[in-house]
Number of protein chains: 4
Amino acid sequence: MILLDLNAGDERPIYEQIADRVKFAVAGGALRPGDLVPPVRDLAKQLVVNPNTVARAYRNLQGEGLLEPVRGIGLEVAEGAVERCRSARGEMVRRWLRRGVEEARQSKMDPAEVEAIFREEMARPVTEGNGEVRRG
Amino acid sequence: MILLDLNAGDERPIYEQIADRVKFAVAGGALRPGDLVPPVRDLAKQLVVNPNTVARAYRNLQGEGLLEPVRGIGLEVAEGAVERCRSARGEMVRRWLRRGVEEARQSKMDPAEVEAIFREEMARPVTEGNGEVRRG
Amino acid sequence: MILLDLNAGDERPIYEQIADRVKFAVAGGALRPGDLVPPVRDLAKQLVVNPNTVARAYRNLQGEGLLEPVRGIGLEVAEGAVERCRSARGEMVRRWLRRGVEEARQSKMDPAEVEAIFREEMARPVTEGNGEVRRG
Amino acid sequence: MILLDLNAGDERPIYEQIADRVKFAVAGGALRPGDLVPPVRDLAKQLVVNPNTVARAYRNLQGEGLLEPVRGIGLEVAEGAVERCRSARGEMVRRWLRRGVEEARQSKMDPAEVEAIFREEMARPVTEGNGEVRRG
DNA sequence: GTGGTCTAGACCACG
DNA sequence: GTGGTCTAGACCACC
């Protein structure tokens, strides 16, 4: 099983996507406090991405206090990371939904129609592999 | 009343925001087929934005067939624009909602929680003036 | 006059030194809120450093809310930056002094001796060009 | 009483911190010429650190002539070590203070303010156990 | 013109 | 082995 993969259809910077994957992994329990995240070089190879890009993602996560360096060993998930990742996840989801709702509202779309779209999406079957081919 | 204004907190390209405003205005009925959109310079001044940026937005809208030039007069909203804008709007809303739902699903968030967030956002009061003072 | 220069004798990462110089420039009034910092490429050339390194410094400063992007124009010093840079400066000075005092205390050095050293350093004449040759 | 302990908040290399502790112990009289320093393994265990790291610290201290090997016995504090440690200590303290003073000067900080900070730090109560629980 | 992203690869310090 | 820094240079989007 692959811990981290990228959404090919995501136009956001790669380093940001990687950071989000880590947050999600922590929020979902796949990574627990004290666990070491994959080494920069390994993850870079796995994602077919430059090590610098992974390093940047990890650096940002350190800046948010979600990862902590263990000198000479690697980076481990910080103590209080789970709660913060959970709330970060919630915020992220809220951000997307809010944007959709806002767009609809501003263009005076019928709320019932928005609701319908939401239901459809919630009921949509899981997209295998995120519905897109891996980059490599 | 102000036809077009910009969301200050929006990190998307300005020209794209402008184009969306126009689409929304058409979808919502504020602009009807045959109406002239504001002159580039006027709108640029109103939004405190580089005229090139407005021009680019209009150019893209022409490329989508939503605006049509009237020689010596300006740009008018095209005939079939309303339907196309409505569907474009729907697609846009769906795209945002889908992304939120997807993120939640991938990180194993409880669907009930997603639902709750959606409800909150739907019930959220309209942001007055987009929550920020005009730039000018 | 040169706005920013580097201490050659500083073993800290270059990007951090650059960020500190900017903070100092703001704290000292050389840069004021609303001013644009030098373009990445220009400053990189001036300091004989890779543009990425300058960019990283600027990026961190943005993260601290001290710089704000003006799209297509550059980076400007943020509104409340002066106070925060002043306090950042104070913290930095305190950090160095504390370390010296701590070292002395832990090794049971006579406080009078520490005091004497401090006086000498305070009275030391200004080192021209930071006492070191420019890197280039 | 514990001869050597590490400051948890110190970002300097551990081997350097260890070497400094030894120097301080010598400068302060806790270790006298002819005394044996703790065996590498013991100290490593005590500090919860890789033995290589302690070995490196000792190696550097040997290189500086502050420790001398006694075949089959261990490492002892060298003859002239006290004076050298004292002066090393002084240099170190001066270096930190100078840096603080320099930073302040370069950013045009009011000397009185620098003085005040120095006083505060001199008056600061001793940090018990270095302000952090032992790692082990 | 501006900043931002990404790649490629080298080098270093630490354990 | 680990992460961190830095360089060099390409490419992009935006204004």
Side-chain angles (χ1 to χ4, degrees), chain A residues 6 11-18 36-45 47-63 67-76 135, chain B residues 10-18 44 47-57 60, chain C residues 6 10-18 36-45 47-63 67-76 135, chain D residues 10-18 44 47-57 59-60:
Chain A
L6 295 181
E11 75 276 7
R12 287 178 312 161
I14 298 176
Y15 70 87
E16 202 176 317
Q17 298 179 45
I18 295 175
L36 292 175
V37 293
V40 171
R41 293 168 180 79
D42 290 9
L43 185 53
K45 183 170 285 185
L47 299 178
V48 194
V49 146
N50 189 290
N52 279 327
T53 305
V54 177
R56 184 169 178 181
Y58 281 177
R59 196 190 314 140
N60 289 351
L61 289 168
Q62 281 186 68
L67 292 184
E68 281 179 348
V70 184
R71 296 211 256 197
I73 304 297
L75 296 166
E76 72 176 20
R135 291 173 104 233
Chain B
D10 200 333
E11 76 276 8
R12 286 178 313 162
I14 296 174
Y15 72 88
E16 199 177 320
Q17 298 180 45
I18 295 174
L47 299 176
V48 193
V49 149
N50 192 307
N52 285 328
T53 307
V54 176
R56 182 170 181 178
N60 289 354
Chain C
L6 295 181
D10 200 334
E11 75 277 8
R12 287 177 314 161
I14 299 176
Y15 71 88
E16 203 176 316
Q17 299 179 45
I18 295 174
L36 291 175
V37 293
V40 171
R41 293 168 181 79
D42 290 9
L43 184 54
K45 183 170 284 184
L47 298 177
V48 193
V49 146
N50 190 290
N52 279 328
T53 305
V54 176
R56 183 169 179 181
Y58 281 177
R59 195 189 317 140
N60 289 350
L61 289 168
Q62 280 186 69
L67 293 184
E68 282 180 348
V70 184
R71 296 210 256 195
I73 304 298
L75 296 167
E76 71 175 23
R135 291 174 105 230
Chain D
D10 200 333
E11 76 276 5
R12 285 179 313 162
I14 296 175
Y15 73 88
E16 198 177 319
Q17 298 179 44
I18 295 175
L47 299 177
V48 193
V49 149
N50 191 308
N52 286 328
T53 307
V54 176
R56 183 170 181 178
R59 196 186 327 134
N60 288 354

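Proteins come first, then strands; the chains are lettered A, B, ... in the order of their sequence lines, and each starts at number 1.
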Each nucleotide of nucleotides 8-15 of chain F classed B (base within 4.0 Å of a protein heavy atom), S (only sugar-phosphate) or -, in 5' to 3' order, makes BB----SS
To the nearest angstrom, the CD-P distance between C/Gln17 and F/dT5 comes to 12 Å
When rounded to whole Å, the CG to P distance for the pair A/Leu47 and E/dT5 reads 18 Å
note: C/Leu61, atom CG; E/dG4, atom P; distance rounded to Å ~ 11 Å
If one requires at least 3 consecutive Watson-Crick or G-U pairs with distances under 3.5 Å, the stems of DNA chain F turn out to be E:1-14 with F:1-14
Closest heavy-atom pair, B/Pro51 versus B/Ala44, reported as atoms and distance to 0.1 Å, is CA-CB, 3.7 Å
Separation of E/dG3 atom C1' from C/Glu76 atom CD, nearest Å, is 14 Å
When rounded to whole Å, the CZ to C1' distance for the pair D/Arg59 and E/dC14 reads 12 Å
Open item on the list: I want to check something: taking the side chain as every heavy atom from C-beta on, are B/Thr53 and B/Leu47 in contact at a cut-off of under 4.5 Å?
Closed with: no
C/Glu11 CD to E/dC12 C1', in whole Å, measures 14 Å
When rounded to the nearest 0.5 Å, the distance separating CG of B/Asn52 from CD1 of B/Ile14 is 12.0 Å
Does C/Gln62 have a side-chain nitrogen or oxygen under 4.0 Å from the phosphate oxygens OP1 or OP2 of E/dG4? yes
Taken to the nearest whole Å, CD1/A/Ile18 to C1'/E/dC6 is 11 Å
* To do: Using a 4.5 Å cut-off on heavy atoms from C-beta on, say whether the side chain of C/Tyr58 contacts that of C/Leu61.
  => yes
Whole-Å distance, D/Asn60 CG to E/dG15 P, equals 12 Å
